[in-house]
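Have a look at the structure below before the remarks.
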Amino acid sequence: MARRMMSRFGQWSSYVYAVDFDANSDPIYFALASKHSEQPQVFRNVLADETCYSLHVQSDDQIERAKFYGGLKNKLSKELPPECTILEMFTFQPNVKDSVIKGYFIKDASKSSATERVLGELLRNDPVYVCSYLCGGEDRQWSQHLWSNTEDGWVEVLEKYCVVPAEKPEHHPSTLNIINYDVFYSFEDAYKVLQQCVDIIPESKAVLELVDQRPESKEKTAFPVIVIEGLDATGKSTLTESLTEALGATLLKSPPQCLSPWRARFDTEPPLIRRAFYALGNYLTAGQIGQEARQAPVIVDRYWHSTAAYAIATAVGGKLGNLPQAGSEVYGWPGDLLRPSLVLMLSLSSQERMRRLQVRGQDKTMEEEELEANHLFRQKVEEAYQRVGGPACITVDASPSPDQVLQQVLLLIREKCHL
């Protein structure tokens with residue numbers, strides 16, 4: 001085990017580490033070296049008498065890796081002393097896709113042996129690498145110590161590295177693993193994830209059986225397909241129902257109603273599994289669209305833009321500028337997913353949206369609670385909406401009366417779709 005660990009860990013000489021000490025500023029970036037740098041010490045946010053640790057989740061099985069990481073922070077919060085601060089950490093090759101190894105950085109002010117006991121148990125039983133970080137000398141230089149298990153079950157330091165500052169990469173590390181982890185760009189890739197979950201999530205089998213029965217959807221439809229997007233309480237339901245009546249159209253929703261029995265189950269899963277489930281929901285909706293658009297226009301309440309925008313905004317850590325640039329492939333439309341004729345996004349001020357939500361008195365989804373509490377997250381969702389292509393969203397002011405919004409949208413549809 002120690003040899004395998006050292007072999008894999010030795011490959012990390014080209015990797016950089018990033019620790020998010022503050023969500024509103026850039027992470028602290030550092031690398032490993034054989035000797036210390038003359039630059040200022042790396043961990044400016046850590047006191048000299050604090051011991052620090054890191055855990056990196058590593059497994060060749062992507063489902064095991066995702067499941068374990070999904071529950072790791074909660075496990076650490078319960079078992080570590082309350083004086084420990086748990087921070088998100090990425091280990092990655094700068095600007096190299098799919099190179100991120102996720103983990104956590106722990107600041108320990110407890111002066112207790114409990115922290116090392118908890119981490120030692122994780123090292124013995126779970127797919128993690130554990131390192132400790134110590135500060136020494138008048139210049140407060142830090143070193144990283146890689147842990148390993150001995151044959152009799154004790155923990156020992158396998159190797160020691162010097163911690164040195166690293167340059168800020170061109171792309172925030174949280175953007176490197178989005179493709180086929182947070183956002184899926186083909187039916188096959190999303191399907192494979194749920195196939196791998198059949199033994200551990202029995203509901204996966206039922207979902208796959210349903211997906212297997214979906215009707216095929218052609219790229220072209222006889223009648224226009226209009227998607228209405230927007231955050232909750234922007235008036236989507238009112239508008240889609242009014243449009244359906246005004247145009248003699250068929251109304252569909254994404255994810256489709258047929259997935260409702262399993263949504264709560266998959267909402268508890270880590271992003272890899274949850275996003276694959278919702279990606280398949282888009283393909284089910286596409287099958288329905290293909291059938292209904294043979295006879296009449298189709299209005300769709302949310303579709304691919306919602307799936308991608310929320311996933312990207314959730315995956316990308318830190319500030320708004322960390323989102324992938326407009327034109328990035330992460331905003332591309334899946335090549336095998338039916339494209340709509342027109343996508344309209346309802347826009348409303350956050351104050352008015354909150355007022356409408358309070359009037360509704362409905363329970364909020366997890367993502368809606370995040371939108372309400374976190375202005376930065378809302379900004380990222382709205383910006384990601386605007387950057388998703390295939391076709392791009394056309395923004396519609398949803399603040400006037402419902403009838404005024406309806407008339408405004410009907411003009412757009414007649415102009416763009418010739419209805």
Side-chain angles (χ1 to χ4, degrees), residues 97 171 175 177-191 211 214-231 234 236 239-240 243 249-256 275-294 297-316 323-347 380-396 409 412-413 415-419:
K97 296 175 191 174
H171 303 290
T175 68
N177 281 20
I178 286 177
I179 295 175
N180 289 336
Y181 188 92
D182 296 287
V183 185
F184 291 87
Y185 299 88
S186 76
F187 172 82
E188 182 181 359
D189 288 327
Y191 191 92
V211 170
R214 79 193 191 286
E216 291 294 328
S217 57
K218 296 180 180 180
E219 186 174 342
K220 297 288 185 180
T221 57
F223 286 85
V225 177
I226 297 105
V227 175
I228 307 298
E229 292 281 5
L231 306 182
T234 52
K236 289 191 312 303
L239 177 61
T240 54
L243 281 174
T250 301
L251 176 59
L252 298 174
K253 295 187 178 183
S254 185
R275 300 304 182 190
F277 170 78
Y278 282 106
L280 291 177
N282 282 315
Y283 288 95
L284 283 169
T285 299
Q288 295 175 346
I289 292 171
Q291 282 192 320
E292 298 296 339
R294 296 172 185 172
V298 174
I299 308 299
V300 189
D301 185 343
R302 289 188 168 173
Y303 191 37
W304 167 256
H305 283 71
S306 285
T307 304
Y310 276 93
I312 293 167
T314 303
V316 175
L323 285 174
Q325 292 298 307
S328 166
E329 62 183 326
V330 304
Y331 301 116
W333 191 272
D336 58 354
L337 182 65
L338 184 147
R339 292 173 183 259
S341 312
L342 181 65
V343 181
L344 303 176
M345 187 177 80
L346 301 183
S347 178
K380 287 194 285 189
V381 170
E382 291 175 338
E383 186 61 32
Y385 260 124
Q386 295 295 344
R387 296 182 186 183
V388 174
C393 288
I394 296 176
T395 301
V396 175
V409 168
L412 278 169
I413 292 173
E415 175 189 346
K416 303 291 183 181
C417 302
H418 309 294
L419 277 179

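Numbers here are sequence positions counted from 1.
- Taken from CG in D182 to CG in N177, the straight-line distance is 8.0 Å, to the nearest 0.5 Å.
- Between V330 and I312, the closest heavy-atom pair is O-CD1, 3.7 Å.
- Considering OH of Y181 and CZ of R275, their distance stands at 11.0 Å, rounded to 0.5 Å.
- With contacts defined as side-chain heavy-atom distances shorter than 4.5 Å, the pair R214/F187 qualifies.
- Between the side chains of D336 and Y283, at least one donor-acceptor pair of N or O atoms lies under 3.5 Å.
- Side-chain N or O atoms of T221 include none that pairs as donor or acceptor with a backbone N or O of P224 at under 3.5 Å.
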Determine whether L344 and L412 satisfy the following criterion, side chain to side chain contact (heavy atoms under 4.5 Å, CB included), listing intermediate values before the conclusion. CA-CA 9 Å; L344 303 176; L412 278 169; 4.0 Å; yes

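- In this structure, the separation between CZ on R339 and NZ on K220 is 9.5 Å, given to the nearest 0.5 Å.
- Taking the side chain as every heavy atom from C-beta outward, L342 and I394 approach each other to under 4.5 Å.
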Using the side chain to side chain contact (heavy atoms under 4.5 Å, CB included) rule, take I228 and V300 through it: C-alpha gap first, then chi angles, then the decisive distance, then the call. CA-CA 6 Å; I228 307 298; V300 189; over 6 Å; no

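- In summary, the side chains of T285 and N282 do not present any donor paired with an acceptor at a separation below 3.5 Å, with no hydrogens or angles considered.
- Taken from CD in E383 to CG in L323, the straight-line distance is 7.0 Å, to the nearest 0.5 Å.
- Residues W304 and P334 approach most closely at CE2-CD, 3.5 Å, considering heavy atoms.
- The minimum heavy-atom distance linking L280 with Y191 is given by the pair CD2-N, 3.9 Å.
- Between the side chains of Q386 and T395, at least one donor-acceptor pair of N or O atoms lies under 3.5 Å.
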Side chain to side chain contact (heavy atoms under 4.5 Å, CB included) between F277 and F184, intermediate numbers included: CA-CA 10 Å; F277 170 78; F184 291 87; over 6 Å; no

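- For the pair S306 (side chain) and R302 (backbone), a donor-acceptor distance under 3.5 Å is absent.
- T314 places no side-chain N or O within 3.5 Å of a backbone atom of A311 that could act as its donor or acceptor partner.
- Ring planes of W333 and H305: tilted class, angle from 30 to 60°.
- Residues V298 and Q288 fail the side-chain proximity criterion, which asks for heavy atoms closer than 4.5 Å.
- Looking only at distances, a side-chain donor or acceptor of Y331 sits under 3.5 Å from a matching main-chain atom of P324.
- Counting heavy atoms from C-beta on, the side chains of I299 and V225 never come closer than 4.5 Å.
- Between G390 and P340, the shortest heavy-atom distance links the atoms O-CD, 4.1 Å.
- Here the closest heavy-atom approach between residue G281 and residue S254 is recorded as O-OG, 4.4 Å.
- Shortest non-hydrogen contact noted between V381 and A309 is O-CB, 4.0 Å.
- Interatomic distance, OH of Y303 versus CG of L252, reported as 10.0 Å (0.5 Å rounding).
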Verify side chain to side chain contact (heavy atoms under 4.5 Å, CB included) between E229 and D301, making sure each step is shown before the conclusion. CA-CA 7 Å; E229 292 281 5; D301 185 343; over 6 Å; no

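- In this structure, CZ on R294 lies 13.0 Å from CD1 on I289, to the nearest 0.5 angstrom.
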